[in-house]
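Structure first, then comments.
Protein chains get the first letters and strands the later ones, always in sequence-line order, with residue 1 at the start of each.
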2 protein chains.
Amino acid sequence: MVSTRDRLIDAATRLLDQGGPAAVTLREVGRLAGVSHNAPYKHFAGKQDLLAAVAARELFRQERPRRRRPDSKPGPDARQLMHEYVRWATRYPARFKLTFGSWSTGSDELADAASSARSVLVAAVERGQAAGDLPPGDPERLAALILAVAHGAVDLALNGHLSRTGKGHASPKDLVDDLFDQLGA
Amino acid sequence: MVSTRDRLIDAATRLLDQGGPAAVTLREVGRLAGVSHNAPYKHFAGKQDLLAAVAARELFRQERPRRRRPDSKPGPDARQLMHEYVRWATRYPARFKLTFGSWSTGSDELADAASSARSVLVAAVERGQAAGDLPPGDPERLAALILAVAHGAVDLALNGHLSRTGKGHASPKDLVDDLFDQLGA
DNA sequence: ACCTGAACACCGTTCAAGT
DNA sequence: ACCTGAACACCGTTCAAGT
């Protein structure tokens, strides 16, 4: 038995994927969930709060598989993490833009999920430094640099600002690899 | 004598800076420009086209000072270019998000301005490579890596996804410098 | 060529009311 | 506790008409 709240988030996510945030109208969300156009107000403060719930669920789903990993196995390295990040963002561009966009709502749920996701990357960077694959220095700051490249490359590519043709053509994954190659040298 | 068209773009830019794209209503744009709420339709195809004009003017203004530079002086180096990029984006976040967001309208004006701005960076990267400050390789691809860091760092910072406190704290400018330091080593 | 005023369809949000 | 239907204010866009 899936709750109305979950069905509302499902519907909002589907509409978001299809047509961006503008396509997420409360009327259509309600219709897809089988309720009236203002039933969402009984579960969320408004449209913004509904979208924040979508973003929070997305972050949680990204992080959960890594949390479940048994402690005996080390997690994936930072390069692999960024490859997954790029792959997810490319596949679900609207979710990517929403999740990493600015939330005017100061949702605790979102803040917690984001900081948790960041700590996974920092841990991977620390393992890379210990193995000599990454340069020394503050691991949080190096993680920020790595995330900035992945995030920026994806955002530029999604918006058509990466040269899409000719010798200069590089995919976000290529640019992430370029960075790690430079860091390893 | 400033044209109605320019006054409309001015008004739209002001509203954009104050409250983001949602605050740019054609009614308020018209009111600020001293015309009716649908006079903009005589100059632009619609709201989207008006916002594209704002973005195009912004790109043009960024690029113009560099084009006027006499050929005898070499342009600023890539690091300095990215510092200016970060400074502009931090000062006018709404313009940054609009200009580097996705334009559904395939505006030629925008595409030209964007590719022109990119070529300025590529030229700076080539000079850096010639001077031995940057590693060898395809300059377009290296320029894309550098732009990805600056763009990603600014976007993460604007959206509050860069750790704002503690030892991991790094500003977009810091991250740009980190990349250039790594590339120079 | 440029502009206006009325009108239409749509949306977020509120409210009174129902079970 | 959860939901509905009507209503309100607002917005993008279109249209007929004016100079």
- Paired runs of 3 or more consecutive Watson-Crick or G-U pairs involving DNA chain C, with both pairing distances under 3.5 Å, are C:4-8 with D:12-16, C:12-16 with D:4-8

- Message: Hydrogens and angles aside, do A:H43 and A:D49 bring a side-chain donor and acceptor to less than 3.5 Å of each other?
- Response: no

- Kindly state each residue pair satisfying salt bridge (charged side-chain N to carboxylate O under 4.0 Å, His left out) with at least one member in residues 17-35 of chain B, sequence neighbours excluded. B:D17-B:R95, B:E28-B:R31

- Counterpart residues, salt bridge (charged side-chain N to carboxylate O under 4.0 Å, His left out), relative to B:D77 (two or more places apart): none

- Task: For salt bridge (charged side-chain N to carboxylate O under 4.0 Å, His left out), just list the numbers for B:R14 and B:D10, CA-CA rounded to whole Å, side-chain angles, deciding distance to a tenth of an Å, and then say yes or no.
- Result: CA-CA 6 Å; B:R14 217 174 322 159; B:D10 282 340; 5.8 Å; no

- Task: Would you tell me if any nitrogen or oxygen in the side chain of B:T4 comes within less than 4.0 Å of OP1 or OP2 on C:dC2?
- Result: no

- Sorted by first residue and then second, give each ring-ring contact (aromatic ring centres under 6.0 Å, His included) pair with at least one member in residues 126-158 of chain B; sequence neighbours left out. B:F96-B:H151, B:F100-B:H151

- For A:D174 and A:S171, does a side-chain donor sit closer than 3.5 Å to a side-chain acceptor? yes

- Message: Does this structure show an ion pair linking A:D155 with B:K97, if we count only N-O contacts that are shorter than 4.0 Å?
- Response: no

- Which residue pairs pass the ring-ring contact (aromatic ring centres under 6.0 Å, His included) test when at least one of the two sits in residues 119-144 of chain B, sequence neighbours left out? none

- Starting at CZ of B:R31 and ending at C1' of D:dC10, how long is that distance when rounded to a whole Å? 15 Å

- Distance in angstrom units between A:F44 CZ and D:dC2 C1', rounded: 14 Å

Pairwise N/O distances under 3.5 Å, protein to nucleotides 11-15 of chain D:
residue : atom : partner : partner atom : Å
D:dG12  : OP1  : B:V24   : O            : 3.4
D:dG12  : OP1  : B:K47   : NZ           : 3.3
D:dG12  : OP2  : B:L26   : N            : 3.0
D:dG12  : N7   : B:R27   : NH1          : 2.6
D:dG12  : O6   : B:R27   : NH2          : 3.1
D:dT13  : OP2  : B:Y41   : OH           : 2.9
D:dT13  : OP2  : B:K47   : N            : 3.0
D:dT13  : O5'  : B:Y41   : OH           : 3.1
D:dT13  : O4   : B:H37   : NE2          : 3.2
D:dT14  : O4   : B:N38   : ND2          : 2.7

